[in-house]
> 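Sending over a structure as structure tokens; questions will come in a sec.
Every chain is numbered from 1 and lettered A, B, ... according to where its sequence line falls, protein lines coming before strand lines.
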Protein chains: 2
Amino acid sequence: MKKSNITLKELSKILGVSISTISKALNDSPEISHDTKIKVKELAALHNYQPNVLARNLKSGTTKTIAVVLPTVKNNFFTEVLLGIETEIVKTDYNIIISITNESFEKEAQSVNNLSNGIVDGFILSTSEETQVKQNFNHLTAAIDNNKPIVMFDRVIKTIESDKVLEDNREAVYKATNYLLKSGKKHIAIASTINNITVGKSRTAGYKKALEEFGITLNENDIITGSQDSIKSEVDHYLKTNKPDAFIGLDEDATLSALKSVKQKNYNIPQEVAVVGYANQNIAPHLTPELTTIDQNGIEIGRTIVKLLIDRLKNPTKPYEKVVLPSILCKRLSS
Amino acid sequence: MKKSNITLKELSKILGVSISTISKALNDSPEISHDTKIKVKELAALHNYQPNVLARNLKSGTTKTIAVVLPTVKNNFFTEVLLGIETEIVKTDYNIIISITNESFEKEAQSVNNLSNGIVDGFILSTSEETQVKQNFNHLTAAIDNNKPIVMFDRVIKTIESDKVLEDNREAVYKATNYLLKSGKKHIAIASTINNITVGKSRTAGYKKALEEFGITLNENDIITGSQDSIKSEVDHYLKTNKPDAFIGLDEDATLSALKSVKQKNYNIPQEVAVVGYANQNIAPHLTPELTTIDQNGIEIGRTIVKLLIDRLKNPTKPYEKVVLPSILCKRLSS
DNA sequence: TTGAAAGCGATACCAC
DNA sequence: GTGGTATCGCTTTCAA
């Protein structure tokens with residue numbers, strides 16, 4: 001008994017007027033008499049007429065929707081950015097649809113290619129890990145060539161010409177390291193599960209820079225890397241033969257693992273070993289001790305992204321912008 | 001200098017053959033000669049031809065994409081379900097697009113209405129809090145009437161006829177309460193920020209059922225409710241004049257707040273006060289003490305949802321199903 | 001004030 | 001083997 005949405009054609013048949021009249025009446029065209037407008041609108045309401053979005057978009061060549069392509073939502077940074085995007089997008093007449101790539105190049109390319117051929121007007125995108133490793137960006141350049149501007153954020157591609165929004169990763173970790181050094185710490189280890197992507201490398205660079213400025217020679221041993229699954233045991237292993245007086249986690253997994261390992265060693269935090277790192281602001285206060293974190297300010301990033309993209313859509317030829325937003329060191333009890 | 005995607009028409013003009021020939025050649029129709037196929041395909045590749053998805057979908061009346069409408073992604077349950085959905089959807093020829101309602105009725109209705117008119121073939125949906133409060137489901141019935149089946153999960157609407165996937169909330173909290181009672185606890189308090197939605201009420205019901213079976217008279221005071229912002233102070237307030245020997249958190253916010261309050265009181269966990277509750281599996285092991293949680297098994301829920309929806313799409317007239325999946329009590333050190 | 005017709009881009013039936 | 005034409009549902013220009 002199901003019937004698909006009623007169309008203009010069917011309405012026109014019922015009312016015995018032309019399709020154009022129906023269309024104009026529903027769109028409140030001044031060409032149409034008050035009376036027929038009423039009649040048409042009543043009929044449309046009665047049948048719960050909803051215009052076919054596909055047809056309308058095909059005709060107009062614009063969709064007023066933006067795709068947000070994210071590597072994962074199991075990472076609070078990206079959900080924060082999403083929140084920022086949403087709070088800003090509601091102020092516009094655009095909609096968003098979200099696509100999760102699960103760090104897969106394949107899915108990213110497929111999503112972008114698919115969505116760029118009619119479905120959306122533009123993209124907000126942070127590349128998947130695999131894309132960064134593969135260094136294959138054809139889908140991105142194709143979308144841009146196809147008039148679908150991209151605003152890249154966080155995991156951006158240097159060589160792609162587009163608007164970009166970044167956190168200052170290097171500076172943030174530099175500041176964190178500096179803060180620990182100034183507080184008297186001398187032997188700082190870092191843990192990371194993201195050392196193969198640019199963001200992770202920048203963060204490590206900040207660490208190195210701070211050490212250097214303090215005249216401390218870098219010991220590569222103090223840079224502990226691993227996967228999400230292995231990082232905990234890597235840190236454990238490290239702690240068997242090393243006793244740093246501070247840890248910096250370069251991502252949430254690494255931070256939580258470091259915190260746990262240090263606690264399991266029964267080291268006093270922060271007196272014996274301080275712990276600082278990237279982690280969700282919702283979780284940090286619930287940890288013991290409350291964790292000093294580096295907050296990337298995802299909401300602000302999201303809002304900035306939307307503004308850039310809307311501007312770009314309005315004015316496709318303006319010069320590309322690169323906005324760098326500062327991360328914030330939130331001092332709590334673990335340092 | 002930007003040009004939009006090249007179309008069949010333009011290709012046909014360049015090659016001097018008809019549009020139909022181009023179309024057929026690209027679709028490997030047996031009607032077309034090998035030679036022209038080669039020529040057409042080369043030209044298409046050269047110009048990076050991509051078919052317009054809108055046009056194709058408009059013609060075919062199907063889109064092979066499914067909308068996933070979620071209240072929030074700042075809740076690990078939903079991101080887990082999303083993960084489950086994705087692992088299952090990749091096995092099909094469907095795509096998903098995600099829409100976040102932010103617990104707003106307005107956004108939910110808008111998304112569903114917009115997407116159901118051409119963009120997607122069906123929905124996976126968990127209603128927003130506001131929708132449950134308002135009890136306005138016109139957008140849902142409209143979508144269903146419009147041949148866009150919905151699989152509802154978690155926050156489902158009883159009166160809507162559709163496939164449904166649920167966790168057994170009542171049973172899960174019943175089991176958790178029972179487990180605490182059997183371990184010798186006698187005065188169990190619960191904390192909840194979701195007491196105004198059905199899920200929360202079911203969980204509370206499980207608590208009550210267990211108490212009753214144990215012959216313990218319910219004290220309404222022991223049911224602490226609040227918003228995400230207020231729940232912590234509500235629990236603090238409660239603990240000023242009450243000393244339960246166990247806490248159950250009915251959602252992550254409530255659970256973490258209860259844990260924190262109990263810790264701040266310097267009660268020994270779990271000897272003096274046990275703490276059990278809904279919380280993300282990634283966080284629970286990092287808390288002190290490691291938290292005993294109720295795991296909703298979001299991944300399995302996600303996979304089940306997809307299977308149901310794909311079946312429904314293939315066979316729109318089959319009877320509606322309601323699948324209830326069990327939650328799992330993960331015992332750790334806080335109980 | 002209303003209607004006919006072209007067109008958005010792709011597909012498919014039917015001639016030739 | 002190839003091309004013309006109708007069609008999906010809607011908007012819009014131009015005629016009447």
> So, E321(A) and K307(A), do they make that salt bridge, N to O below 4.0 Å?
no
> Under 4.0 Å between a side-chain N or O of T21(A) and OP1 or OP2 of dT2(C)?
no
> Does the side chain of E10(B) come under 3.5 Å of the side chain of T7(B) through a donor N or O and an acceptor N or O?
yes
> I'd like the 5' and 3' limits of the part of DNA chain D contacted by chain B, with heavy-atom contacts below 4.0 Å.
dG1(D) to dG9(D)
> Under 3.5 Å, is there a donor-acceptor pair between the E86(B) and N102(A) side chains?
yes
> Can a side-chain donor-acceptor contact be found between T127(A) and E108(A) if the only test is distance below 3.5 angstrom?
no
> Any idea how F78(B) and F153(B) line up, ring-wise: parallel (<30°), tilted (30 to 60°), or perpendicular (>60°)?
perpendicular
> Judged by modelled atom types alone, do S111(B) and S99(B) share a side-chain donor-acceptor pair under 3.5 Å?
yes
> Whole-Å distance between dT1(C) C1' and I22(A) CD1?
14 Å
> Any chance you could list the contact pattern along nucleotides 6-16 of chain C? Use B for base contacts, S for sugar-phosphate-only contacts and - for none, protein heavy atoms under 4.0 Å, 5' to 3'.
-BBBBBBBB--
> Hey, is D28(A) close enough to K41(A) for a salt bridge, meaning N to O under 4.0 Å?
yes
> Under a plain distance cut-off of 3.5 Å, with no hydrogens placed, do N5(A) and N117(B) share a side-chain donor-acceptor pair?
yes
